[in-house]
There are 2 protein chains.
Amino acid sequence: MVAAPIAETGPSSGRDRILDAAAARFAELGFTETSLRLIAGDVEMKAGSLYYHFGSKDELFVSVLARGIALMSDGFDGAAQRVAAAAEQQDARAHLAEHVRAHLRVLHGNFAFTSLHVTSFRTAPEAVRAAIVPERDAYEAKWTALLGSLLPGRSADEIGILRLVLFGAINSSIEWFDARRGNLDDFADVVTDQFWNGASRPHEKDDNDST
Amino acid sequence: MVAAPIAETGPSSGRDRILDAAAARFAELGFTETSLRLIAGDVEMKAGSLYYHFGSKDELFVSVLARGIALMSDGFDGAAQRVAAAAEQQDARAHLAEHVRAHLRVLHGNFAFTSLHVTSFRTAPEAVRAAIVPERDAYEAKWTALLGSLLPGRSADEIGILRLVLFGAINSSIEWFDARRGNLDDFADVVTDQFWNGASRPHEKDDNDST
DNA sequence: GTCTATAAACGGATAGAC
DNA sequence: GTCTATCCGTTTATAGAC
């Protein structure tokens with residue numbers, strides 16, 4: 001599945017413009033603090049008009065979250081392809097680094113759609129959570145499988161906890177990382193090194209950067 | 001400063017009962033989704049009566065957040081005292097483990113007051129954030145100083161990022177850790193080992209547990 | 001200290017004109 | 001496809017009785 005199909009009506013159709021504006025406001029203010037009147041104002045429409053494109057505020061939010069997951073999932077698959085296509089066989093650390101870079105690039109490169117999964121998912125209406133949980137589970141399963149293959153000595157329980165710890169470390173960066181002040185790939189390398197080698201070992205720079 | 005002074009009017013005065021109920025609801029539903037009517041109902045009062053104890057909803061939320069930080073800060077100081085009083089001089093890893101355990105124990109042991117700092121701080125009203133930022137900074141500074149002393153080879157920038165990565169890994173546990181299914185001190189040990197030694201090294205159990 | 005009553009504003013959602 | 005107008009519920013906060 002591809003995350004960004006061009007809509008039939010063109011690149012910036014009414015529906016997509018609403019989706020972009022909604023994502024930006026949800027990311028900025030949270031779900032409940034964002035009113036439909038505010039989103040409508042951002043695309044120079046009236047609140048009632050949104051209901052031609054979306055059935056409810058919940059449905060609009062689900063659409064935004066679904067797009068966020070689709071982008072993350074595509075990013076993971078792209079990283080897996082680059083690893084498979086690498087001329088020299090990569091070691092485990094380089095393999096992990098490729099995926100951490102991909103995750104962080106998509107996360108920060110589509111902030112409005114992806115950050116909501118970190119900040120607003122827990123307090124979202126139950127119906128919203130239920131609608132998006134399967135897609136989230138599928139993405140998390142990719143990571144669990146990856147870590148399991150990279151750390152063959154660990155039990156399934158340990159892999160599960162390590163994934164949560166890694167996600168906590170990486171995803172919390174949306175609350176503080178500022179792309180104008182730091183380089184995202186550099187941060188990805190620091191996190192990978194910390195996770196893989198530990199903070200007590202001197203940091204070795206990863207030169208296997210892909211662009 | 002002590003975090004839990006007994007109020008003049010007794011252990012469960014009106015004000016403290018409101019504070020406890022508010023914290024529980026804020027943690028469960030978030031700031032905006034929690035109405036004053038709901039909090040009042042939990043303590044068998046009417047919404048208007050809350051204004052005798054608190055000037056506004058914002059002020060009530062700030063009081064909850066401030067108590068959360070005070071508890072975390074006291075927990076850190078307690079860990080520091082245990083380290084200083086240890087008969088044998090502890091190594092860096094054991095020193096870190098003591099503080100990670102203390103942080104996690106206070107975090108999960110006072111969930112209603114502390115989890116809000118992880119889940120609801122970012123979307124809180126600007127006035128609320130401004131009021132609580134100094135206390136948060138002071139707690140973070142304790143950790144920055146600790147990590148700096150434990151990792152003398154690292155630059156201040158690196159220490160800052162490592163603290164954020166560690167906080168992300170630890171604090172995100174409030175979204176998934178269930179004390180009924182897992183042992184919190186065991187998790188603290190896993191996180192400490194992962195942070196200090198890295199996931200690629202076999203896990204060595206820490207026997208220096210304090211009770 | 002707690003209550004009732006109410007002000008004033010804002011929310012999601014719908015109906016029907018154009 | 002978008003607008004206007006409106007319904008109806010909920011919110012924080014205040015005023016004054018008890």
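Every chain is numbered from 1 and lettered A, B, ... according to where its sequence line falls, protein lines coming before strand lines.
Residues from residues 19-29 of chain B that place a heavy atom under 4.0 Å from any atom of DNA chain C: there are none. For the segment residues 41-59 of chain B, the set of residues with a heavy atom within less than 4.0 Å of an atom of DNA chain D comprises B:Gly48, B:Tyr51, B:Ser56, B:Lys57, in numerical order.
Here the P atom of nucleotide D:dA13 and the CD1 atom of B:Ile39 are 11 Å apart, to the nearest Å. If you take CZ of B:Arg17 and C1' of C:dG1, they are 13 Å apart, rounded to a whole angstrom.
Residues B:Phe113 and B:Leu71 share a closest heavy-atom pair of CB-CD1, 4.4 Å.
Residues B:Asn171 and B:His117 bring no donor and acceptor atom of their side chains to less than 3.5 Å of each other.
Remark: side-chain polar atoms of B:Glu158 are paired, donor with acceptor, to backbone N or O of B:Ser155 under 3.5 angstrom. In terms of modelled atom types and a separation under 3.5 Å, the side chain of A:Ser200 and the main chain of B:Trp196 share a donor-acceptor contact. Judged by distance alone, the side chain of A:Thr34 and the main-chain N or O of A:Arg25 form a donor-acceptor pair under 3.5 Å.
A tilted orientation is assigned to the rings of A:His99 and A:Phe76, their planes being inclined by 30° to 60°. Between B:Phe167 and B:Tyr139, the two ring planes are tilted [angle within 30° to 60°]. Below 30°, between 30° and 60°, or above 60°: for B:Phe177 and B:His108 the angle between ring planes is above 60°, a perpendicular geometry.
Interatomic distance, A:Arg163 CZ to B:Trp176 CH2, rounded to the nearest 0.5 Å: 9.5 Å.
Looking at A:Asp189 and A:Arg93, a side-chain N of the basic residue comes within less than 4.0 Å of a carboxylate O on the acidic one, giving a salt bridge.
Helical stems in DNA chain C, defined as runs of 3 or more consecutive Watson-Crick or G-U wobble pairs with donor-acceptor distances under 3.5 Å: C:1-10 with D:9-18, C:12-18 with D:1-7.
Map B:Arg37 and B:Ile18 each onto its nearest nucleotide of DNA chain C; the residue landing nearer the 5' end is B:Ile18.
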